[in-house]
Amino acid sequence: MNLLAGQTVLVTGGASGIGRAIALGAARAGADVAVFDKDPAQALVAQIEALGRKALTVTGDVAEPGEAERFVREAVIALGRVDVFVSNAGICPFHSFLDMPAEVFERTARVNLHGAFHMVQAAANAMVAGGRGGSIIAVSSISALVGGEFQTHYTPTKAGVHSLMQSAAIALGRHGIRCNSVLPGTILTDINKDDLADEGKRARMAARVPLGRLGEPDDLVGPTLFLASDMARYVTGAALLVDGGAFVNLQ
Ligand SMILES: NC(=O)C1=CN([C@@H]2O[C@H](COP(=O)(O)OP(=O)(O)OC[C@H]3O[C@@H](n4cnc5c(N)ncnc54)[C@H](OP(=O)(O)O)[C@@H]3O)[C@@H](O)[C@H]2O)C=CC1
Ligand SMILES: C[C@H](O)[C@@H]1OC(=O)[C@H](O)[C@@H]1O
């Protein structure tokens with residue numbers, strides 16, 4: 001289904017993992033796509049162009065003030081408009097709490113929360129200027145709702161991103177801009193490759209999932225495109241768990 005035909009979708013952290021899957025999924029749904037990441041995503045651009053869509057790769061660091069405006073400006077110059085913005089770039093350097101270096105905490109907050117704030121604000125300004133409304137989706141996490149022993153610096157950023165979408169939904173509703181978050185459970189990507197190399201932990205995490213497996217990046221595509229599209233035209237300020245049921249599995 002061409003759910004996003006004629007639309008332009010921007011994705012941060014779009015070079016790999018969940019962001020890459022969403023970028024490709026958006027192109028398959030008929031959208032032109034711009035991705036922002038630390039490294040160029042030339043192979044992804046080629047894949048999207050092979051689908052007959054336009055694509056742009058912009059490099060930079062979401063934590064750097066000013067980069068958000070530059071990304072959105074370059075995307076508008078190349079692709080003409082911004083209809084959907086997916087704030088996805090994030091890091092999770094697993095670390096114990098009592099000896100957490102201040103710089104690990106600060107970098108995690110700058111990338112995951114400050115980066116999301118600036119990116120979402122820049123995208124919203126472009127959408128307001130375009131006058132056609134839009135849809136913003138932030139990739140939060142099941143970790144916005146539950147804790148992690150080695151994620152004391154990370155889980156507050158994901159709760160913050162979830163909260164950002166709630167407040168932005170109120171601030172931007174009058175402009176026809178919807179703001180929602182997706183809350184992935186454990187999805188197999190580079191972010192947790194080392195952590196899940198521990199077979200015992202990996203088995204425990206998988207055992208918690210009623211649907212019987214850990215997630216894959218493609219599991220986020222449908223929920224994100226739904227929120228991006230007019231099928232979700234009356235959905236704003238919502239958070240959609242995409243976790244195979246892990247959150248509700250107490251016993
Ligand atoms: N995987 C999971 O289990 C879950 C992930 N999430 C969230 O999903 C999002 C995507 O993560 P995921 O796909 O798993 O991880 P990946 O590491 O596979 O992808 C993250 C992408 O973001 C890029 N990135 C990281 N920091 C920056 C930065 N400062 N500026 C620009 N780009 C950056 C990474 O680049 P590089 O590779 O060069 O670092 C990478 O391409 C994150 O926000 C994460 O918190 C939420 C819940 C569960
Ligand atoms: C990176 C982790 O595996 C992942 O990140 C999250 O947000 C999930 O809660 C998982 O812990």
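Every number for a ligand or one of its atoms is a count from 1 in the order of the listing.
- For V111, every heavy-atom contact with ligand 1 shorter than 4.0 Å involves the side chain, none the backbone.
- Using a 4.0 Å cut-off between heavy atoms, N192 contacts ligand 1 through its side chain alone, with no backbone atom that close.
- Atoms of ligand 2 found under 4.0 Å from any heavy atom of Y154 (numbered from 1 in listed order, with element): 5 (O), 6 (C), 7 (O).
- Geometrically, ligand 1 and F36 share no nitrogen or oxygen pair separated by less than 3.5 Å.
- Near I191, the atoms of ligand 2 lying under 4.0 angstrom from a non-hydrogen atom of the residue are 1 (C).
- Remark: distances from the non-hydrogen atoms of I142 to ligand 2 include one below 4.0 Å.
- Heavy-atom separations between M205 and ligand 2 are all 4.0 Å or longer.
- Checked for salt-bridge contact, D218 and R20 miss the test: no charged N lies under 4.0 Å from a carboxylate O.
- A salt bridge does not link R208 with D243: every distance from a Lys NZ or Arg NE/NH1/NH2 to an Asp or Glu carboxylate oxygen is 4.0 Å or more.
- Of all atoms in ligand 1, listed by their number and element, those nearer than 4.0 Å to a heavy atom of V139 are 7 (C), 8 (O), 9 (C).
- Taking every heavy atom of both residues into account, T157 and L113 meet most closely at O-CD1, 4.2 Å.
- Closest heavy-atom approach to atom 3 (O) of ligand 2 within the set D190, V146, N192: this belongs to N192.
- If you look at N112 next to ligand 1, there are no close heavy atoms at all, none under 4.0 Å.
- Atoms of ligand 2 lying under 4.0 Å from any heavy atom of S141, numbered from 1 in the order shown and given with element: 6 (C), 7 (O), 8 (C), 9 (O).
- Side-chain contact annotation: Q47 with R53, donor-acceptor N/O pair under 3.5 Å absent.
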